[in-house]
Amino acid sequence: MARVLVDVMLKPEILDPQGQAVQRALPRMGFDSVTNVRQGKRFELELADADPATLRATAEQMAEKLLANTVIEDFKVTVLPADAESA
Amino acid sequence: MSTGHVSDQPFDTTSVFEDTAAAFDTVAKAATTPEVKQPYRELGMTEDEYLRVREILGRRPSSSELAMYSVMWSEHCSYKSSRVHLKQFGEKAPKTAALLVGPGENAGVVDVGEGLAVTFKVESHNHPSYVEPYQGAATGVGGIVRDILTMGARPIAVMDPLRFGPADAPDTARVLPGVVAGVGGYGNCLGVPNIGGEIVFDPCYLGNPLVNALCVGVMRADEIKLAKAPGPGNQVILFGARTGGDGIGGASVLASATFDEDGPAKRPSVQVGDPFMEKVLIECCLEIFAADLVVGIQDLGAAGLTCSTTELAAAGTGGMDVRLDAAPLRDSTLTPEEVLMSESQERMMAVVEPAKVEAFLAVCEKWDVTATALGEVTDTGRLRMWWHGEVIVDVPPRTLAHEGPVYNRPFARPQWQDALQADVPTAARLRRPEGADELRETLLKLVGSPNLADKTWALEQYDHRVQGNTVLGHGEDSGMVRLDAALPGTSLGVALSTDGNGRFAKLDPYAGAQLALAEAYRNVAATGARPLAVTDCLNFGSPEDPDVMWQFAEACRGLADACLELGTPVTGGNVSFYNQTGEVNIHPTPVVGVLGVIDDVDRRTRGAFEREGEILLLLGDTRDEFGGSEWAHEVHGHLGGLPPRLDLHREKVLGEVLIAGSRDGMLSAAHDLSDGGLAQAVVESCLRGGHGARLVLPETDADGNALDPFVALFSESAGRAVVAVPRSEELRFTDMCVARGLPVARVGVVDGTVLSGEAVLSGEAVLEVQGQFTVPLTELRAAHEGPFRKLFGHSVVDA
């Protein structure tokens, strides 16, 4: 069993309405120090019988094709050590 | 495509201005360094245009000024290729007292009575929707809604005429679901009902979908707002969303240059819409209007701050001073050129008298809308901008907004046009179905073809009932809304229809544009509303191609002539050029929206056959006309010959009869005949009402020749409609038709019962074409409603 994390964020220059909504809400709750919020999403994938040599490339293909909209989003693939708990 | 990575670093600003970005370019520097090479070509300007800027300014432009001229003189903003042809819409405009504001403002305004005015316009968002379908379509809706809001009106409905490549093409499976979700996502969040539109497929749109968006709004006639900045000393206030790096260069580069698929370097950052911000902005603006706090207002669309400041200044006292660095930024690394060109959504600019600034800002504060005074109106005749204390822009605003280049682009009738028109789809050229079985098969094939199949899967993603004033929505000939938003309790309503047939326009652009208008006009009249005014979205290929320019010139001439004859002026619209993939231009596609008014929405006519025993009448003449027809396209992949003949006088008479029939309560149902002919219209009306029909096809055509059942069922002759009338009204209605010289023929009855065969036993409703064939409604429904859901229903869209 291999574990892979894919973090997907809107590209820095792209408007993030959700992040902005959170950013506006936090000071109202007393968190005055917040100056910027960007919201993204994380996929935790478990792959059976995955070849460790091609694991990263496979995950990147999944991200390209489905997990991220690469026109407006960036992604980062992290391959976890075989025995690690998903973070 | 890069594999990308998540970065915590701010936006890495790389732009064509990099070489001058050491500090930033100013007017003073520009005056002393005439020799600096400037990237005008990269910004889409020709050398002549660049030299003209130098001539106007008497020096080289600063890089900010260059950015401004490049976007304002782009095809998208300046209409430099189309202007000479668009003039006709003003010159040939029919005289009508209803027109309160004509072309040139953000949208046209018409008087609909009871002290109310309605504003409406259609625009394109084609290229952005190909790059990023969801956001492209969403921001298309957002942009047109702000145009309507800017006129002082509350947006009350939107419509979306859409065109895609073949329904089964892999890229259509990417683009269509994204566009549909984007239209729905934005409009639904905004709380504006979507009451109609079209979804059309043709291979010519494969690499270049057409995403047009129409919005209509209502206000009291004395509350119209205009985009102008009069009165020196008045404050210029930017409000709404912050400015970011959205769509920089989009106006000039993306919308105006050939779309090159393998050129990601040119791809600008995508604009992302925020409908909740826009909703707040709508309510904020309407409160500001109600308190009479602005003297001029403009939304920020293509070319952002550049366009709003120059257009406001040019239409007002003539000058404006702006502190550009006061604009609230989402990204502090933006250069002044980028701030000027940014197309960040959900922004507005208002001109406010000094005494009212405080009240204005208080309303913005209430709605949690960021508002910043950027500068003031002057009478210097110059638009000047400062960036950190230095003058970076000093230009005469009219030279940007109104005195851009005008091109008389060469145009010529294409050499292939004659051959195309000579390829008439006669019975000898294209094999026609013979006998009852083949006719039945053809009917089932056509009603399930991508263009004629039921589009409920897409349309049910749009909220068409929100606001509670929709009286006719999708599936009707026109959308119709009550004007309750501006006058509570009123029965007054407006009907809207958009139509366009690229195949007809390809065969004959003059007639094609007129047919689009005639169909929309007919659709509005079919619901009982009186057609009043027109908006158009002219989607064409490259204006640098003389063939395309001829198509454009012919379409404009045709549309202007027809508007004059029908008495419905063009109030505004939009031109979209460079719709092509590689060297291949799309079919010329003028999309025409017609707005009509109905005094009492309770008298509207629906399309469904709802009462058994009622008489079906066919209005108008049927001829053997299959050029550009759905049958030739779907069955034979053929496009040739001439489009159906058009008689504008006949369209007008048909419209009068349909309106009178509605007003006097003679009609139970009416449905216009267009794509797919009589067969398609009757199938739609049967399925909507859940009742069958027995058709008795007319045996002779308009000229007394024998009429083949195939022609009677599938011909797309213009100027026709099918109506259902109660038996008690049949004589009165046919007398009215005869008195007005409108051909009328009895073609059947609404009737579910079959006289023979198996269906009788099951009691199933059927469509029977007498002497030919019988189809149970369940079979028709499966054929009509199944395909579209099957094609797209499984798609998953990432918003």
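Lettering of chains follows the sequences in order, A, B, ..., and the numbering in each one begins at 1.
Contacts between residues 26-39 of chain A and chain B, defined by a heavy-atom separation under 4.5 Å, are made by A:R28.
B:R242 and B:T370 share no side-chain donor-acceptor pair at under 3.5 Å.
The only member of B:V466, B:V145, B:L281 that meets side-chain contact (heavy atoms from CB on, under 4.5 Å) when paired with B:L190 is B:V145.
Rounding to the nearest 0.5 angstrom, the gap separating the OG1 atom in A:T78 from the CZ atom in A:R42 is 7.5 Å.
Looking at A:Q18, there are no atoms closer than 4.5 Å to chain B (heavy atoms on both sides), in backbone or side chain.
Not one N or O on the side chain of B:N208 forms a donor-acceptor pair closer than 3.5 Å with the backbone of B:T581. Although no hydrogens or angles enter the test, the distance criterion places no donor-acceptor pair under 3.5 Å between the side chain of A:T54 and the main chain of A:A57.
Minimum heavy-atom separation, B:L238 to B:A327: CD2-CB, 4.0 Å.
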